[in-house]
> 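Handing you this structure, nothing more for now.
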Amino acid sequence: MRDHETLPYALENLSHDESVARARAMRDRLRQRRTCRYFSDESVPREAIEAAIEAAGTAPNGANHQPWHFAVIQSPERKRAVREAAEAEERRFYGADGTDPKASEEWLGALRDLGTDADKPFLETAPCLIVVFAQRKGGIAEDGETQNYYVTESVGIACGMLIATLHEAGLATLTHTPSPMGFLRDICERPEWEKPLMIVVVGHPAKDATVPARAVEKKPLARIASWL
Ligand code: IYR
């Protein structure tokens with residue numbers, strides 16, 4: 001019994017051939033995406049960022065509470081503040097502050113051929129940092145009181161759609177997750193019931209940007225899917 005207001009389910013009806021072609025075309029474009037760790041300072045169009053955030057805002061989510069907020073940082077002062085706080089955490093993570101690393105030997109080993117370290121100059125060089133917040137509470141009214149549901153799952157999916165749309169717009173991205181990252185709440189002036197989930201760094205690759213060879217190796221379909 002549908003006792004709620006409804007609208008017709010509207011979806012383009014494609015032939016099987018067209019469906020396969022569209023899926024493959026999308027796959028092939030997404031295959032071009034590379035996490036970027038070397039950004040230029042070239043600007044990005046604000047309208048592209050806005051559209052990508054609107055795309056992220058269509059993500060499936062718990063009870064349609066849309067439990068996300070995207071804080072777009074462009075000011076050099078706030079970017080510097082993010083960099084300083086993030087690098088302080090990363091120095092503890094890598095043991096670059098002269099103390100024992102917070103990361104295990106195994107974790108540091110897993111990162112070795114990705115070439116990451118505690119220096120995060122891209123947090124200042126890139127034109128735009130999108131700090132993604134998960135609203136633990138707030139409901140649709142964002143009042144900080146009503147319960148939200150499947151918050152991490154919802155915001156994780158939204159981040160995927162954000163990144164895919166930015167890639168489609170020809171922009172390079174990097175997901176960055178300093179830990180802990182509560183400092184982002186203060187820098188972005190967000191309420192205490194919001195939890196920063198990740199920073200999506202957005203811009204253009206530096207002229208001499210490289211990617212680690214290992215990063216382009218993707219597991220084949222047979223290893224990531226099973227048919228039952
Ligand atoms: N947050 C650290 C470490 C790091 C962890 C993973 I897992 C990566 O895939 C990459 C980096 C850093 O940003 O350097």
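Just follow the structure's listing: the first ligand is 1, and inside any ligand the first atom is 1.
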> Could you tell me which atoms of ligand 1, counted from 1 in the order shown, lie closer than 4.0 angstrom to a heavy atom of Phe93?
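Near Phe93, the atoms of ligand 1 are 3 (C).
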> Could you tell me the residue and atom name of the protein heavy atom closest to atom 3 (C) of ligand 1, and the distance to it rounded to 0.1 Å?
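Its nearest protein heavy-atom neighbour is Tyr94 OH, 3.3 Å.
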> Report, in ascending order of atom number, the atoms of ligand 1 lying under 4.0 Å from any heavy atom of His176.
13 (O)
> Using the six-membered ring wherever Trp is involved, compare the ring planes of Phe122 and Phe39 and label them parallel, tilted or perpendicular (cut-offs 30° and 60°).
tilted
> Indicate the ring-plane relationship of Phe93 and Trp107, choosing parallel, tilted or perpendicular according to the 30° and 60° boundaries.
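Aromatic pair Phe93/Trp107 classed perpendicular.
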> With respect to atom 5 (C) of ligand 1, which of Thr35, Leu111, Ile199 exhibits the smallest heavy-atom separation?
Leu111
> Identify, by atom number and element, the atoms of ligand 1 in contact range of Trp107, meaning under 4.0 Å from any of its heavy atoms.
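Counting from 1, the qualifying ligand atoms are 5 (C), 7 (I).
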> Check ligand 1 against Thr116 and write out every atom of the ligand that is under 4.0 Å from a heavy-atom position of the residue.
14 (O)
> More than 12 non-hydrogen atoms from neighbouring residues, nucleotides or ligands closer than 6.0 Å to NZ on Lys195, yes or no?
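No - once you tally the heavy atoms of other residues, nucleotides and ligands closer than 6.0 Å, there are 12 at most.
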> Is the number of heavy atoms from other residues, nucleotides or ligands within 6.0 Å of OH (Tyr150) greater than 12?
no
> Considering only the protein, which heavy-atom contact is closest to atom 13 (O) of ligand 1, and what is its distance?
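Answer for atom 13 (O) of ligand 1: Lys120 NZ, 3.1 Å.
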> List every atom of ligand 1 that sits less than 4.0 Å from any heavy atom of Glu90, numbering the atoms from 1 in the order shown and giving each element.
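By the 4.0 Å cutoff, the relevant atoms are 1 (N), 2 (C), 12 (C), 13 (O), 14 (O).
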> In plain terms, say whether Glu189 and Arg78 are close enough for a salt bridge, that is, a side-chain N and a carboxylate O under 4.0 Å apart.
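Salt bridge between Glu189 and Arg78, a charged N being under 4.0 Å from a carboxylate O: yes.
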> Would you say Asp100 has more than 12 foreign heavy atoms packed within less than 6.0 Å of its CG?
no
